[in-house]
Amino acid sequence: QDGKTVIAVSIPAATHGWTGGVVYHAEQAEQEIEAAFPDIDVVLKTSPSATAQVSALEDLTASQEIAALVILPFTSEELTGPVEQVKAGGTFITVVDRGLTDPSIQDLYVAGNNIAVGANTAEYLAEQLGGEGEIVVLRGIPTVIDDERIQGFTEVIDGTNIKILDIQYANWNQDEAFTLMQDYLAKYPHIDAVWANDDDMLLGVLEAIEQSGRTEIRYALGGNGMKDIIEKVMANDPVTPISTPYPPSMIKTAIYMTAAQFHGQAPVRGTVLLDAPLITPENAEQFYFPDSPF
Amino acid sequence: MPSLDKPREAPPTLRAEDLGKTYGPITVLSGVTLDIRAGEVHAIIGENGAGKSTLMKLLSGHVRPSAGRLVMDGQPVAFEDAVAAETAGIALVHQEILLAADLTVAENLFLGREITRGLTVDDRAMNRRAAEVLASIGAAARPGDLVRDLPLAQRQLVQIARALLDPRKLVILDEPTAVLANAEVEALMDIVRRLREAGVAVLYISHRLEEVEALADRITVLRDGQMIGTYPAASLTQRAMAELMVGRELAMLYPPKRPAPTGAPLLEVTGLSVGHGAQAGSFEVRPGEVLGIGGMIGSGRTELFEGLMGLRPARADRVVLNGRPIGRRSVAAWRDAGLVYLTEDRKGRGLLLEQRLAPNLTLLALDQVHRSFVLDRSGEAAALDVAVRDYDIRVRTVHLDAGQLSGGNQQKLLLAKVMMSYPSVVIIDEPTRGIDIGNKSQIYDFIDRLVRAGKACIVISSELPELVGLSDRVLVMRGGRLVAEFTGEEITDANVVYAAAGGRNDT
Amino acid sequence: MSITSAQVAARDRSWPIRWSDAGPFIALAVILVLGALVNPSFLSETNVLNVVTRSAFVAIIAIGATFVISSGGLDLSVGSMMAFVTGIMIMIMNALAPSLGSGAILVGGAAALVVGALCGAANGLIVTVGRIEPFIVTLGTMGIFRALITFMTDGGSLPIDRGLRDAYRPVYFGSVLGVPIPILISLVVILLGAFLLYRTKYGRRCAAVGANPEVARFSGVPVARVQTLAYVIQGLCVAVAAICYVPRLGAATPTTGQLWELQVITAVVIGGTALRGGKGRIWGTVAGALILEAIANLMVLSDLVSEYLVAAVQGVIIIVAMLVHRFTK
Amino acid sequence: MSITSAQVAARDRSWPIRWSDAGPFIALAVILVLGALVNPSFLSETNVLNVVTRSAFVAIIAIGATFVISSGGLDLSVGSMMAFVTGIMIMIMNALAPSLGSGAILVGGAAALVVGALCGAANGLIVTVGRIEPFIVTLGTMGIFRALITFMTDGGSLPIDRGLRDAYRPVYFGSVLGVPIPILISLVVILLGAFLLYRTKYGRRCAAVGANPEVARFSGVPVARVQTLAYVIQGLCVAVAAICYVPRLGAATPTTGQLWELQVITAVVIGGTALRGGKGRIWGTVAGALILEAIANLMVLSDLVSEYLVAAVQGVIIIVAMLVHRFTK
Ligand SMILES: Nc1ncnc2c1ncn2[C@@H]1O[C@H](COP(=O)(O)OP(=O)(O)OP(=O)(O)O)[C@@H](O)[C@H]1O
Ligand SMILES: Nc1ncnc2c1ncn2[C@@H]1O[C@H](COP(=O)(O)OP(=O)(O)OP(=O)(O)O)[C@@H](O)[C@H]1O
Ligand SMILES: [Mg+2]
Ligand SMILES: [Mg+2]
């Protein structure tokens with residue numbers, strides 16, 4: 001490709017808010033980098049499933065020489081082998097968000113921490129509720145991310161007197177979260193707090209609570225730092241006073257760090273762990289991207 | 001009559017004792033006791049809906065009897081299903097064509113009893129055997145043809161071939177000739193005679209009494225689901241048969257001919273060509289006239305008129321109905337202009353077999369039962385009552401799907417359906433296919449009254465006597481072209497056959 | 001003979017419900033009873049209203065699907081189409097909100113109906129003029145609509161203008177004499193659907209086309225037009241559902257309406273409409289939609305099932321319901 | 001006229017390939033040509049092998065679907081079934097790995113076949129004995145299998161034992177004389193399928209049952225048994241696909257095989273098998289699977305389309321391909 005350095009970016013297709021954010025930031029990065037460094041070509045590919053992502057990797061490597069691969073793997077196990085194949089061709093590997101089962105494959109790892117998303121929220125909630133109360137939880141699509149968040153959350157909650165009344169899947173879907181919350185409300189006459197492990201779902205939850213007119217619910221928390229929720233945090237909303245960042249912009253960070261080494265800078269290697277600090281009214285500004293779709 | 005002289009001690013091939021069938025509260029057949037002997041042709045006759053087809057289905061295991069029992073070769077039998085009966089040597093050729101349209105002729109013939117070699121099916125052997133059987137009954141269909149592409153008559157022959165593929169003890173033919181024309185009928189009658197000589201018992205149902213007279217050794221008459229009796233064929237004339245069936249004296253079969261029509265043509269067609277071939281045809285029909293269309297099977301009559309109706313690609317130089325040129329030809333446009341077409345394929349194109357009688361009746365002329373955007377359902381029910389009466393549709397209840405009517409009654413329902421729109425020209429393709437003799441004369445009367453009222457009727461028929469007895473003028477088709485025209489005294493069996501067969505030097 | 005049949009015909013009219021058609025209603029009743037046993041709050045007024053209101057979307061779309069299916073077609077694109085219509089509607093409303101105020105809602109709603117009808121017409125024309133299996137056509141347009149909404153939302157969400165929200169909210173959350181508005185709207189759609197299918201020329205032709213297109217053609221029925229119109233009706237129903245849906249969550253997202261096509265078709269089939277076409281059961285469809293929503297609700301209200309297995313239990317219940325219906329007939 | 005028809009029939013037989021059956025192959029060729037124009041590396045050896053290898057999964061499952069569909073059925077559960085079979089297989093392999101070493105792979109594979117056949121039999125029996133629409137039955141079992149795999153993986157993922165990975169890898173990544181093993185396996189499945197459908201009694205009956213079950217029944221074809229067997233064949237094909245699939249991704253997850261049912265059915269229909277049953281086209285199905293995979297590959301190789309719109313373009317291409325095929329006939 002005209003002697004340009006190719007950086008391939010492989011990410012999940014935009015199927016819900018968060019992945020939508022990832023695609024948005026990746027496209028931003030592509031435009032900015034290509035404008036800034038004319039000799040770098042960023043090739044962005046989205047895939048709707050793990051299988052498709054493996055296929056995309058094969059296609060990317062079959063059709064051109066790629067200098068670097070930035071990948072946000074669908075799942076760890078399924079993508080480990082294929083990424084290893086790419087690595088074998090001498091490509092620089094940057095893994096984002098979800099680690100591969102064999103960490104020695106990656107040159108650079110930019111990661112969010114899903115366990116921390118769950119755990120930090122749980123700790124906040126436990127503190128606010130004084131260590132007791134009855135809560136309900138909405139989880140996403142059965143995948144590793146979802147699993148880790150729930151794991152982080154329940155581990156902390158198990159150490160308190162808080163009782164998790166119910167956990168059900170709402171598929172990271174506002175609509176299903178609305179429905180599920182309606183049902184929770186019908187089922188449990190008293191609920192102290194709700195945790196939806198993603199802000200997309202939290203929107204549905206809030207609608208359902210508002211519609212029911214129930215007032216005993218003290219907290220409805222989410223995660224991921226969606227901009228609508230951050231707006232609430234900034235406005236000191238009593239029911240949703242915090243969120244946890246799991247910024248889709250991490251993909252942009254990773255692409256920039258990968259691109260940097262092709263421009264004179266020494267290759268960046270190692271691990272960049274993004275923590276999941278609580279987003280509070282005080283620091284909300286720095287997590288707010290009004291132009292992002294997420 | 002060899003069968004009548006048979007010694008008593010030879011048990012009949014199949015004996016029905018006090019057989020009956022009820023569907024829910026409806027009794028369609030009761031108290032039928034009947035012997036069918038080896039080497040005889042046993043005809044079953046009766047009006048439409050008398051229960052003939054039902055009886056045949058009972059005898060061949062397609063339907064379980066509600067009462068009575070079967071005795072085969074002296075042993076009581078109860079067939080689990082049609083296959084059990086077939087294994088026992090009884091084959092039924094259905095009145096309604098039962099073939100898988102997506103499969104080839106050979107595949108249909110051997111369905112369920114494929115010839116195999118090792119693990120694989122032996123197509124060569126099956127095709128060879130199929131070709132033999134088809135040739136033996138004079139069928140033009142080839143083993144490799146898709147049934148979907150075959151005309152009705154050929155499908156019927158394939159069904160018959162299927163029944164004759166294996167040696168049989170009893171072959172049941174339920175109106176096998178309804179869709180056949182003369183040549184094929186002759187061939188079939190030969191086959192029946194050969195079967196009789198080979199000691200096979202044949203049950204034969206037909207509304208064409210001349211066939212019955214020519215073939216049958218004994219005749220059983222059914223009326224309203226009851227057995228009237230079994231008679232030696234020699235003792236019955238056609239007229240006597242008809243009267244036994246109907247239970248009353250019959251009027252003349254064909255109405256007297258009308259005076260020659262004089263008015264301006266109601267329908268004028270110039271330069272009609274259908275499909276790819278150059279099949280340009282021109283004809284007209286006047287008020288008060290019955291125009292007969294004759295020809296061999298596959299001579300293109302159906303094709304020509306389906307083309308006229310806009311049901312298949314066709315071109316025409318000029319089409320005028322009631323003095324007004326017709327631009328776009330479609331069934332709906334024709335209906336509104338006052339012309340309707342009654343298809344020969346009542347099962348595939350005529351009736352919605354799984355729907356009730358009323359929606360079937362009114363489908364073509366929904367406007368008649370339609371007031372300010374709403375279907376007038378009581379009007380529809382009333383129309384059905386009228387149709388049941390006017391067309392003498394024999395049903396024990398109107399709670400039936402169209403498919404549950406007997407074949408002849410389906411035909412009458414179809415006739416009632418196309419007449420719902422009060423057309424001035426009616427094209428009827430095979431008007432009396434499967435209609436019993438009593439009803440035939442009713443339908444002929446009906447056509448007569450229609451044209452006497454100043455309407456016109458085009459009758460496409462493969463039944464020569466019908467064509468001759470009914471028409472004021474006959475056009476004959478051959479190879480997709482109109483080749484001859486006869487009027488008045490010229491309309492004779494001989495003339496029509498000669499004109500129709502003129503090009504058939506291939507047989 | 002004719003006397004008897006006339007009498008019978010009279011009785012026929014006074015007894016319009018066939019026993020076999022009662023299946024879905026019996027199934028629904030059984031589920032209600034079971035539900036009440038499992039958790040008494042199942043029959044609480046709030047819960048019942050919630051469930052019925054929720055099922056309004058699927059029911060409205062399924063009314064359209066009843067037409068498509070009974071005319072011998074199939075529409076897999078309804079879920080994505082609904083998302084797409086929702087997206088267009090929100091964009092129009094947001095664009096007009098500054099100038100028209102809450103009048104933008106009316107214009108947006110009208111636009112949604114037009115867009116829905118056009119989407120349906122596209123499906124219908126490709127199926128009929130192109131003579132391609134509806135399954136393939138609507139699978140294709142399903143991908144197309146889904147991609148378009150993803151594109152329109154940039155993969156994120158497309159919220160409705162804050163200023164319109166309050167004016168629009170009642171369409172989902174409001175009620176008249178205690179009956180939530182979505183239920184009223186779906187009642188109107190259902191009654192219109194039943195009228196159209198059972199009492200008009202068009203409905204007759206629809207069923208005839210589905211039962212045997214050849215017979216319909218020979219009876220002067222414009223087969224392609226009837227089928228296309230069924231898809232247009234489907235599109236309109238989708239648009240109505242979209243109009244009720246937007247105020248519920250106030251945004252269109254790429255997941256809006258995902259997999260609804262399966263729910264819709266299931267509702268139609270459970271309701272007694274045969275997938276091969278030829279007969280449609282509007283009220284059965286409604287019962288089907290209620291059954292699906294009631295089962296989902298019961299899964300949450302009962303404590304019997306692991307969260308992982310909810311889908312399995314739902315599948316089993318549906319199959320068992322169909323089996324019971326089959327064998328009690 | 002009878003002369004004409006005889007001639008037509010004769011011509012028909014001497015020309016065993018009907019023109020309309022060539023449609024999918026022509027469409028495939030067109031896509032290959034377009035692909036080569038868009039990106040020359042589209043036809044590079046690596047890329048072609050990749051695409052063909054990948055399409056092996058869908059092709060193998062679609063062979064089974066060709067039987068189900070031509071016998072008049074439908075199976076929406078194949079994707080979930082594949083995930084479920086994969087899950088069971090991995091659990092068995094992992095359990096046996098300590099004792100049997102890489103022999104566990106064989107046992108696991110055999111178990112997968114058994115489980116696949118059983119799953120297929122379950123679908124088939126519910127459809128035939130229960131006489132319920134296949135759409136509903138397999139939609140139900142789709143939910144059931146999906147829920148079971150979610151349960152088995154606890155909502156996460158179920159990786160295969162590391163010790164087995166290297167021994168198992170070649171089943172996807174290995175090759176014999178330059179031909180990747182999945183391609184060889186799928187060739188075997190395809191040839192077996194073609195033999196079974198075209199050359200055996202069973203295949204004949206399968207098509208007959210789909211074409212007209214009533215006629216088949218009267219002809220002594222055990223309709224229910226033939227249909228059930230088609231689902232069992234489908235189950236076996238799913239198991240074979242699962243066996244090839246595991247080494248590629250090394251784990252089963254709740255999203256394994258999601259939406260494959262749609263791809264599979266699309267491949268079958270693009271290949272010329274009618275959804276209403278009665279005819280099956282094994283080679284057409286294979287072409288269909290290749291077409292789908294080639295289009296997806298082209299989307300990745302070309303840079304023309306916004307990421308959000310990939311699905312839309314795929315939908316358009318499929319519909320256009322079918323339209324072109326229809327109107328060039
Ligand atoms: N499944 C059914 N349910 C109710 N009635 C039926 C059913 N099948 C047939 N019948 C009725 O049984 C009667 C006898 O029908 P059958 O077909 O035996 O008459 P047929 O003598 O063969 O008449 P045709 O000469 O018109 O063929 C008819 O009135 C028909 O409506
Ligand atoms: N042997 C054949 N093989 C295939 N198609 C045929 C054959 N014979 C006729 N056809 C076609 O079948 C259709 C029916 O023929 P058509 O019905 O017009 O003949 P017909 O004179 O009306 O004879 P019939 O007595 O069968 O009605 C036409 O489209 C014709 O081209
Ligand atoms: Mg009969
Ligand atoms: Mg004809």
Side-chain angles (χ1 to χ4, degrees), chain B residues 49 224 306 309-311 330-336 340-343 345-360 362-367 369-370 373-378 380-382 384-390 392-400 402 417-418 421, chain C residues 1-21 70-72 191-192 194-226 272-281 329:
Chain B
D224 277 341
E306 285 182 358
M309 294 306 290
L311 287 164
S330 73
V331 173
W334 277 122
R335 172 201 60 206
D336 297 340
V340 293
Y341 169 76
L342 192 155
T343 173
D345 181 3
R346 66 172 169 253
K347 197 178 172 191
R349 299 173 160 165
L351 296 174
L352 299 169
L353 298 177
E354 289 177 1
Q355 292 194 0
R356 293 276 151 131
L357 304 185
N360 268 293
T362 56
L363 186 59
L364 177 64
L366 273 174
D367 285 324
V369 287
H370 194 249
F373 300 111
V374 188
L375 284 181
D376 172 7
R377 285 201 282 195
S378 53
E380 194 176 35
L384 178 59
D385 290 343
V386 170
V388 163
R389 193 174 57 240
D390 286 358
D392 197 21
I393 300 171
R394 304 287 176 87
V395 283
R396 287 166 177 78
T397 156
V398 293
H399 283 289
L400 292 174
K417 167 181 165 179
V418 299
S421 65
Chain C
M1 199 67 122
S2 49
I3 303 173
T4 332
S5 58
Q7 287 169 334
V8 172
R11 209 183 54 209
D12 202 22
R13 265 168 289 153
S14 67
W15 183 250
I17 298 163
R18 296 192 205 187
W19 172 246
S20 66
D21 295 347
S70 66
S71 75
L191 290 173
L192 277 177
F195 175 76
L196 195 58
L197 190 60
Y198 299 139
R199 311 298 321 242
T200 69
K201 231 159 58 166
Y202 174 73
R204 266 302 160 73
R205 292 180 166 172
C206 213
V209 164
N212 187 336
E214 271 294 275
V215 171
R217 203 165 71 88
F218 272 68
S219 305
V221 176
V223 175
R225 204 184 319 149
V226 168
T273 300
L275 265 185
R276 72 191 140 72
K279 78 176 190 181
R281 301 258 170 274
K329 242 197 341 219

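Being a predicted model, the structure only gives us computed values, none of them experimental. Lettering of chains follows the sequences in order, A, B, ..., and the numbering in each one begins at 1.
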Exercise. Is atom CZ of B:Phe373 surrounded by more than 12 heavy atoms (other residues, nucleotides or ligands) closer than 6.0 Å?
Worked result: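 For B:Phe373, atom CZ is not crowded (no more than 12 foreign heavy atoms under 6.0 Å).
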Exercise. CD of C:Glu214: more than 12 outside heavy atoms within 6.0 angstrom?
Worked result: yes
Relative to chain C, which segment of [X] carries a heavy atom at a distance below 4.5 Å: side chain, backbone, both, or neither?
X: B:Leu351; value: backbone
X: B:Lys347; value: backbone
X: B:Thr362; value: side chain

Of all heavy-atom pairs between [X] and [Y], which one has the smallest distance, and what is that distance?
X: C:Asn212; Y: B:Gly348; value: ND2-O, 3.3 Å
X: B:Tyr341; Y: C:Phe218; value: CE2-CE2, 3.9 Å
X: B:Gly350; Y: C:Val215; value: O-CG1, 3.5 Å

Mind checking the [atom1]-[atom2] spacing from [X] to [Y]? Nearest 0.5 Å is all I need.
X: B:Asp376; Y: C:Arg199; atom1: CG; atom2: CZ; value: 8.5 Å
X: C:Arg204; Y: B:Glu380; atom1: CZ; atom2: CD; value: 4.0 Å
X: B:His370; Y: C:Thr200; atom1: NE2; atom2: OG1; value: 6.5 Å
X: C:Tyr202; Y: B:Leu375; atom1: OH; atom2: CG; value: 13.5 Å

Exercise. What residue, out of B:Met309, B:Glu306, B:Arg346, B:Arg349, has the most heavy-atom pairs lying under 4.5 Å from chain C?
Worked result: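 Counting heavy-atom pairs under 4.5 Å, the top option is B:Arg349.
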Exercise. If you tally heavy-atom pairs under 4.5 Å against chain C, which of B:Leu363, B:Leu364, B:Leu311 wins?
Worked result: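 Option with the top pair count is B:Leu311.
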Problem set entry | Which of C:Gly220, C:Gly278, C:Ser219 touches chain B most, by non-hydrogen pairs under 4.5 Å | C:Ser219
Exercise. Going by heavy atoms in the side chains, are C:Lys279 and B:Gln355 under 4.5 Å from each other?
Worked result: no
